[in-house]
Number of protein chains: 2
Amino acid sequence: MKFLDAEGLDGLTMRKLGAALNVQGGALYRHFPNKAALLDAMAEKILEGIGDPLPDAPWHDQVSILGARFRTALLAHRDGARLVASTHATGATIALGDLAVTIFCGAGLAPAEAGALAFALGYYVLGHTIEEQTQVHPSSGDEWQSRKAHLATDVSPQYAEAIDSLTSTDPTQRFAYGLDTFIQGIAGRIQPAPATR
Amino acid sequence: MKFLDAEGLDGLTMRKLGAALNVQGGALYRHFPNKAALLDAMAEKILEGIGDPLPDAPWHDQVSILGARFRTALLAHRDGARLVASTHATGATIALGDLAVTIFCGAGLAPAEAGALAFALGYYVLGHTIEEQTQVHPSSGDEWQSRKAHLATDVSPQYAEAIDSLTSTDPTQRFAYGLDTFIQGIAGRIQPAPATR
DNA sequence: ACCTGAACACCGTTCAAGT
DNA sequence: ACCTGAACACCGTTCAAGT
């Protein structure tokens with residue numbers, strides 16, 4: 001995990017990791033059957049405790065807390081989101097999914113619907129966090145700057161403003177906004193809002 | 001694109017692609033500066049027309065159509081979702097984002113909020129479609145089967161049922177369900193449901 | 001039980017040299 | 001302008017041999 005934080009996921013090579021451990025690259029194969037298994041284990045480590053019991057609260061608060069916990073875990077290590085997205089952390093995935101499905105079902109959803117929404121929530125958290133962790137590395141001016149400058153032409157003023165806000169807004173706030181919007185949609189699945197029908 | 005459909009993203013190598021084109025691998029560097037640029041161009045090709053004008057309809061129908069159009073484009077080529085997620089298809093990303101932001105702003109959202117929700121929508125579509133395209137390849141029994149069998153123990157019956165439904169439900173229906181839930185959440189941002197406050 | 005050294009079969013990329 | 005052939009600097013993985 002120290003090596004990941006220092007060199008990043010792209011710098012993580014069996015040979016280089018071995019060297020950091022004062023060992024030959026091939027020696028790692030006495031501890032993991034292959035690199036994929038090593039990365040899986042690292043992903044599990046990152047998500048350790050992801051399925052711990054949540055505080056007693058209304059279901060939407062629990063979902064909010066769970067989403068934030070997921071994101072925080074991913075942010076705790078360099079390229080954490082990309083690593084988790086590119087591996088199969090089976091144990092953690094089950095723990096997280098079970099927790100989410102249980103919450104949704106407790107709120108009144110059928111298991112099939114609960115499962116679909118649990119995965120949708122996961123996609124959002126992973127996508128948002130990958131982008132958070134990816135946009136930082138470049139020297140100083142973000143990738144967005146060049147993207148905006150490169151094609152500032154024939155783009156709607158609203159879109160330009162939206163992109164601007166992405167670079168200036170607090171990521172944690174943006175994350176919560178999207179998550180809450182999603183939760184609001186789920187609430188509509190439970191007690192259909194009479195106003196919109 | 002033919003080579004991608006035949007061999008998949010992992011099988012796409014400069015040497016092998018060159019061979020399929022009756023050319024040496026190094027010859028490709030007269031047409032693309034590097035492999036990343038090649039993949040970017042392929043991602044753009046997959047998303048061609050993603051920003052075309054939408055039929056005149058209520059904003060939520062337009063979002064629904066746009067989401068389905070995005071997914072359909074990704075599904076049209078092997079590993080399309082993974083390819084798009086792992087590259088920077090700048091042009092298509094702008095076209096898609098501009099369209100979504102314009103719709104959301106037209107519905108009454110501020111650009112900053114519209115941008116955040118446009119990206120959230122993108123994360124959902126990409127995540128869902130990557131999973132759709134990834135789960136199919138293994139021989140016959142899905143990866144889910146082994147995952148469920150491997151840890152059928154100490155998992156809530158609701159979660160087991162949710163996982164079962166994921167393998168038996170039509171992906172297109174599941175996709176629409178999650179997308180509609182998300183759209184319902186956005187609707188709540190526009191005209192706050194009086195019942196939930 | 002764990003590691004070394006060296007090999008095998010690949011990669012992306014570069015570049016003189018050809019046509 | 002485009003391609004060849006061959007090299008360079010890497011990969012993941014394997015495996016006899018050592019300790």
Side-chain angles (χ1 to χ4, degrees), chain A residues 1-46 77-92 130 133-134 137-139 143 146, chain B residues 1-46 77-92 130 133-134 137-139 143 146:
Chain A
M1 301 308 292
K2 283 182 192 170
F3 188 89
L4 175 67
D5 288 336
E7 306 294 337
L9 187 56
D10 293 335
L12 177 43
T13 272
M14 296 304 268
R15 280 177 169 84
K16 292 203 277 181
L17 177 59
L21 265 33
N22 293 313
V23 120
Q24 213 77 14
L28 299 176
Y29 288 82
R30 294 281 143 178
H31 304 271
F32 298 93
N34 47 49
K35 188 181 182 180
L38 205 200
L39 296 177
D40 284 355
M42 294 179 70
E44 296 273 18
K45 192 84 186 170
I46 287 177
H77 288 93
R78 164 119 87 122
D79 294 332
R82 234 174 81 214
L83 173 57
V84 167
S86 65
T87 55
H88 301 286
T90 320
I130 287 175
Q133 285 183 314
T134 304
H137 291 159
S139 50
E143 162 194 343
S146 66
Chain B
M1 300 308 292
K2 282 182 192 170
F3 187 88
L4 175 67
D5 288 336
E7 306 294 337
L9 187 55
D10 294 333
L12 177 42
T13 273
M14 297 303 269
R15 281 176 168 86
K16 292 203 277 181
L17 177 59
L21 265 33
N22 293 314
V23 120
Q24 214 79 12
L28 299 175
Y29 288 82
R30 294 281 141 179
H31 305 271
F32 299 93
N34 48 48
K35 189 182 181 180
L38 205 199
L39 295 177
D40 285 354
M42 294 178 70
E44 296 273 18
K45 192 83 186 172
I46 287 176
H77 288 93
R78 165 120 87 125
D79 293 331
R82 235 174 80 214
L83 172 57
V84 167
S86 64
T87 55
H88 301 286
T90 320
I130 287 175
Q133 285 184 314
T134 303
H137 291 160
S139 50
E143 164 193 342
S146 67

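A, B, ... follow the sequence lines: proteins, then strands. Residue 1 opens every chain.
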Using both pair distances under 3.5 Å as the test, note the stems of at least 3 consecutive Watson-Crick or G-U pairs that include DNA chain C.
C:4-8 with D:12-16, C:12-16 with D:4-8
Where along residues 25-41 of chain B does a heavy atom fall under 4.0 Å from DNA chain C?
B/Gly26, B/Tyr29, B/Asn34, B/Lys35
Closest non-hydrogen atom pair, B/Thr87 against B/Ala43:
OG1-CB, 3.3 Å
Which heavy-atom pair separates B/Leu4 from B/Met42 by the least distance, and what is that distance?
CB-CE, 3.8 Å
Could you pull out all residues at least two apart from A/Lys45 that satisfy salt bridge (charged side-chain N to carboxylate O under 4.0 Å, His left out)?
A/Glu48
Name every residue in residues 2-13 of chain B that has at least one heavy atom under 4.0 Å from any atom of DNA chain D, in order of residue number, or write none if there are no such residues.
none
Could you tell me the separation between the NE2 atom of A/His77 and the NZ atom of A/Lys2, rounded to the nearest 0.5 Å?
10.5 Å
Taken to the nearest 0.5 Å, the spacing of B/Asp79 CG from B/Ile130 CD1 works out to 10.0 Å
Side-chain donor-acceptor pairs of residues 7-32 of chain A under 3.5 Å, sequence neighbours excluded:
| from | atom 1 | to | atom 2 | distance (Å) |
| --- | --- | --- | --- | --- |
| A/Asp10 | OD1 | A/Arg82 | NH2 | 2.6 |
| A/Asp10 | OD2 | A/Arg82 | NH2 | 3.3 |
| A/Lys16 | NZ | A/Gly11 | O | 3.4 |

Using modelled atom types and a 3.5 Å cut-off, is there a donor and acceptor pairing between side-chain atoms of B/Gln133 and backbone atoms of B/Arg78?
no
Quick one: does A/Met1's side chain get under 4.5 Å of A/Ile46's, heavy atoms only?
yes
Of A/Arg15 and A/Asn22, the one whose closest DNA chain C nucleotide lies more 5'
A/Asn22
Range on DNA chain C touched by chain B, heavy atoms, distance below 4.0 Å:
C/dC11 to C/dT14
